[in-house]
Student: 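Submitted below is the structure of interest, expressed as structure tokens.
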Amino acid sequence: MTTHMIQGQPVTLPVRIRDATACAATFAVRAAAVRPLLRYAGVDLVEPVPGRALCSLVFVRYLDGDLGPYHEFGVAYLIRSPAGRGFGAFIHWLPVNQPFTLEAGRTIWGFPKEMTDIELRLAGRTKSCVVRADGQFAMGLLVKPGVPVPSGAAATSIDAYTCLDGVLRRTPWELRASGVRARPGGAEVRLGDHPIAAELRSIGLPRRALSANVIGRMRMTFGEAEVVR
């Protein structure tokens, strides 16, 4: 086991998340427009259809875990694993709303976390998230749960890749999910005036998603990050 000191508190790997709720939506975007944005990481996009890449927008409410309670939003792309392990999820933008997880994420795994205001509404049937960064409305995402699916169908974990300060890292993680619902479409995004919104417009992010899913409860384990290059 490895222990890191974060703000005077020990964080021992693997880090465990015991209770969290997540919503995600996947969009088809222009691969040719995404590639220059990810040049800093030197990763290769997956194109399920020639010319199209997959961009996922995710929001999570962490209730009980080794990093404390917090909210998180993510922008990720499906890539070919630089470590030769099939596919991976490249985490391009990862705002959070608490300083402890921000420092832990950047220090331990090289996650590109930054501080923002993240408002989640999860009580009703429709789930929504609003992200404000640097005093600007960045984006809003609304997800409509679909039909129940077997938990194992949504619990497939692929390695997470990040690139911070020029270092590409791979982080293995495991996911156990319950209360999973999925559907085609099922999500709408609104983009604001923040630079990340302009970036998403530039890759042709459509307003409506290809698919969306909601995980009522998930438990996760994050291992040690491995430097790829």
Student: Would Val29 and Val34 count as a side-chain contact (heavy atoms from CB on, under 4.5 Å) if you check the C-alpha gap in whole Å, the side-chain angles of each, and the deciding distance to 0.1 Å?
Tutor: CA-CA 8 Å; Val29 295; Val34 176; 3.7 Å; yes

Student: Begin with the C-alpha distance, continue with both residues' side-chain angles, and end with the deciding distance and a verdict on side-chain contact (heavy atoms from CB on, under 4.5 Å) for Arg183 and Lys144.
Tutor: CA-CA 8 Å; Arg183 61 180 291 172; Lys144 301 175 183 178; 3.7 Å; yes

Student: Quick one: does Thr221's side chain have a donor or acceptor within less than 3.5 Å of a partner on Trp173's backbone?
Tutor: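 Side chain of Thr221 to backbone of Trp173: no pair is present.
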
Student: Give a yes or no on whether a salt bridge exists between Glu114 and Arg106, defined as a side-chain N under 4.0 angstrom from a carboxylate O.
Tutor: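 Result for this pair is no, no salt bridge flagged.
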
Student: Test your reading of the model: is there a side-chain donor-acceptor pair from His71 to the backbone of Ile118, 3.5 Å cut-off?
Tutor: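 Answer holds: yes.
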
Student: Under a 3.5 Å distance rule, please check whether Arg170 uses its side chain to pair with a backbone N or O of Ala160 as donor and acceptor.
Tutor: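 Absent.
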
Student: Tell me whether the count of non-hydrogen atoms from other residues, nucleotides or ligands lying under 6.0 Å of CZ in Arg229 goes above 12.
Tutor: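 More than 12 within 6.0 Å, yes.
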
Student: What closest approach, in Å, do Leu45 and Arg80 show between heavy atoms, and which atom pair accounts for it?
Tutor: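 In terms of heavy atoms, the two residues are closest at O-NE, 3.9 Å.
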
Student: Identify the two heavy atoms, one from Leu122 and one from Cys23, that lie closest to each other, and give their separation to 0.1 Å.
Tutor: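 Smallest heavy-atom distance, with atoms named: CD2-SG, 4.3 Å.
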
Student: For a 4.5 angstrom cut-off between non-hydrogen side-chain atoms, does Lys127 reach Pro145?
Tutor: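 Yes, close enough: below the 4.5 Å cut-off.
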
Student: Should Leu168 and Pro82 count as side-chain neighbours, where that means a heavy-atom distance under 4.5 Å?
Tutor: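 Sidechains of Pro82 and Leu168: in contact.
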
Student: Find the distance between CZ (Phe90) and CG (Leu78) and round it off to the nearest 0.5 Å.
Tutor: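 Going from CZ on Phe90 over to CG on Leu78, the span is 13.0 Å.
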
Student: When you compare the side chain of Val75 with that of Tyr77, does any pair of heavy atoms fall below 4.5 Å?
Tutor: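 Result yes, sub-4.5 Å side-chain heavy-atom pair found.
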
Student: Hey, does Gln7 have a side-chain heavy atom less than 4.5 Å from the side chain of Glu103?
Tutor: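 Yes - at least one pair of side-chain heavy atoms lies under 4.5 Å apart.
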
Student: Between Tyr70 and Tyr62, is the ring centre distance below 6.0 Å?
Tutor: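 Yes, ring centres under 6.0 Å apart.
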
Student: Answer with yes or no whether the hydrophobic clustering places Val58 together with Leu63; edges join I, L, V, M, F, W, Y residues whose side-chain heavy atoms lie under 4.5 Å apart.
Tutor: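 Looking at the clustering, Leu63 is in a separate group from Val58.
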
Student: Do Arg169 and Leu164 pass the side-chain contact (heavy atoms from CB on, under 4.5 Å) test, and can you show the C-alpha distance, the side-chain angles, and the key distance before you say yes or no?
Tutor: CA-CA 8 Å; Arg169 296 176 175 88; Leu164 188 66; 4.2 Å; yes

Student: Assess whether side-chain contact (heavy atoms from CB on, under 4.5 Å) is satisfied between Val214 and Val180, documenting all intermediate values.
Tutor: CA-CA 6 Å; Val214 173; Val180 181; over 6 Å; no

Student: Rounded to the nearest 0.5 Å, how far apart are CG of Leu13 and OG1 of Thr2?
Tutor: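 Separation between the atoms: 5.5 Å.
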
Student: First locate atom OG1 of Thr107, then atom CG of Leu102, and finally report the distance between them rounded to the nearest 0.5 Å.
Tutor: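 Answer rounded to 0.5 Å: 8.5 Å.
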
Student: Which heavy-atom pair separates Phe27 from Leu210 by the least distance, and what is that distance?
Tutor: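 Shortest heavy-atom separation between Phe27 and Leu210 comes out as C-CD1, 4.1 Å.
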
Student: Given salt bridge (charged side-chain N to carboxylate O under 4.0 Å, His left out), test Lys113 with Glu72 step by step and report yes or no.
Tutor: CA-CA 9 Å; Lys113 293 189 175 184; Glu72 181 177 82; 3.6 Å; yes

Student: Is a donor on one side and an acceptor on the other found under 3.5 Å between the side chain of Asp159 and the backbone of Gly88?
Tutor: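 Not a single qualifying donor-acceptor pair exists.
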
Student: Is Val131 reachable from Leu205 through a run of hydrophobic residues whose side-chain heavy atoms are each under 4.5 Å from the next?
Tutor: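 Yes, same cluster.
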
Student: Do Leu67 and Val15 come within less than 4.5 Å of each other through their side chains, counting heavy atoms only?
Tutor: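 Side chain of Leu67 against side chain of Val15, heavy atoms only: contact under 4.5 Å found.
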
Student: Thr126 versus Val143: any side-chain heavy-atom pair under 4.5 Å?
Tutor: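 In short, these two side chains do not touch, never coming nearer than 4.5 Å.
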
Student: Please check this pair: side chain of Arg217 against backbone of Arg18, looking for a donor-acceptor N/O pair closer than 3.5 Å.
Tutor: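 Judged by distance alone, yes, a pair lies under 3.5 Å.
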
Student: Between Trp93 and Pro112, is there a donor-acceptor pair closer than 3.5 Å when you use the side chain of the first and the backbone of the second?
Tutor: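 No: the side chain of Trp93 does not pair with the backbone of Pro112.
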
Student: When rounded to the nearest 0.5 angstrom, what distance separates OG1 in Thr116 from CZ in Phe73?
Tutor: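 That separation rounds to 9.5 Å.
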
Student: Distance from Asp66 atom CG to Phe100 atom CZ, nearest 0.5 Å?
Tutor: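 Going from CG on Asp66 over to CZ on Phe100, the span is 9.0 Å.
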
Student: Can a salt bridge be assigned to the pair Glu119 and Arg121 using a cut-off of 4.0 Å between side-chain N and carboxylate O?
Tutor: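 Counted as a salt bridge, because a side-chain N and a carboxylate O are separated by less than 4.0 Å.
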
Student: Considering all heavy atoms of both residues, which atom of Ile108 and which atom of His4 are nearest to each other, and what is their separation?
Tutor: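 It is CG1-CG, 3.7 Å.
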
Student: Mind telling me whether Trp109 and Phe222 have parallel, tilted or perpendicular rings, with 30° and 60° as the class edges?
Tutor: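 Geometry flag for Trp109 against Phe222: tilted rings.
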
Student: Indicate the atoms forming the closest heavy-atom contact of Ser202 with Arg30, along with that distance.
Tutor: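 So the minimum-distance heavy-atom pair works out to O-NH2, 2.7 Å.
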
Student: Going by an N to O cut-off under 4.0 Å, is there a salt bridge joining Arg52 and Glu47?
Tutor: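 No salt bridge links Arg52 with Glu47.
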
Student: Closer than 3.5 angstrom, by distance alone: can the side chain of Thr21 be matched with the main-chain N or O of Gly216 as a donor-acceptor pair?
Tutor: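 Yes; judged by distance alone, with no hydrogens or angles, the pair exists.
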
Student: Without swapping roles, check the side chain of Arg181 against the backbone of Val147 for a donor-acceptor pair under 3.5 Å.
Tutor: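 Judged by distance alone, no pair lies under 3.5 Å.
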
Student: Is Phe137 reachable from Leu142 through a run of I, L, V, M, F, W or Y residues, each pair having side-chain heavy atoms under 4.5 Å apart?
Tutor: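 Cluster IDs for Leu142 and Phe137 differ.
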
Student: How far apart are the closest heavy atoms of Thr171 and Gly223, and which atoms are they?
Tutor: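 So the two residues come closest at CG2-O, 3.9 Å.
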
Student: Taking the six-membered ring for Trp, are Tyr161 and His92 closer than 6.0 Å centroid to centroid?
Tutor: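 No, ring centres 6.0 Å or more apart.
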
Student: Would you say Leu191 and Ile196 are hydrophobically clustered, going by side-chain heavy atoms of ILVMFWY under 4.5 Å?
Tutor: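 Yes, it is one cluster - the side chains of Leu191 and Ile196 are joined through contacts under 4.5 Å.
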
Student: Can you get from Tyr40 to Val167 by hopping between Ile, Leu, Val, Met, Phe, Trp and Tyr side chains that sit under 4.5 Å apart?
Tutor: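 No, Tyr40 and Val167 fall in different hydrophobic clusters.
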
Student: Does Arg35 reach the side chain of Asp44, with side-chain heavy atoms less than 4.5 Å apart?
Tutor: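 Sidechains of Asp44 and Arg35: in contact.
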
Student: Roughly how far, to the nearest 0.5 Å, is the CZ atom of Arg219 from the OG atom of Ser178?
Tutor: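 Here the interatomic distance stands at 6.0 Å.
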
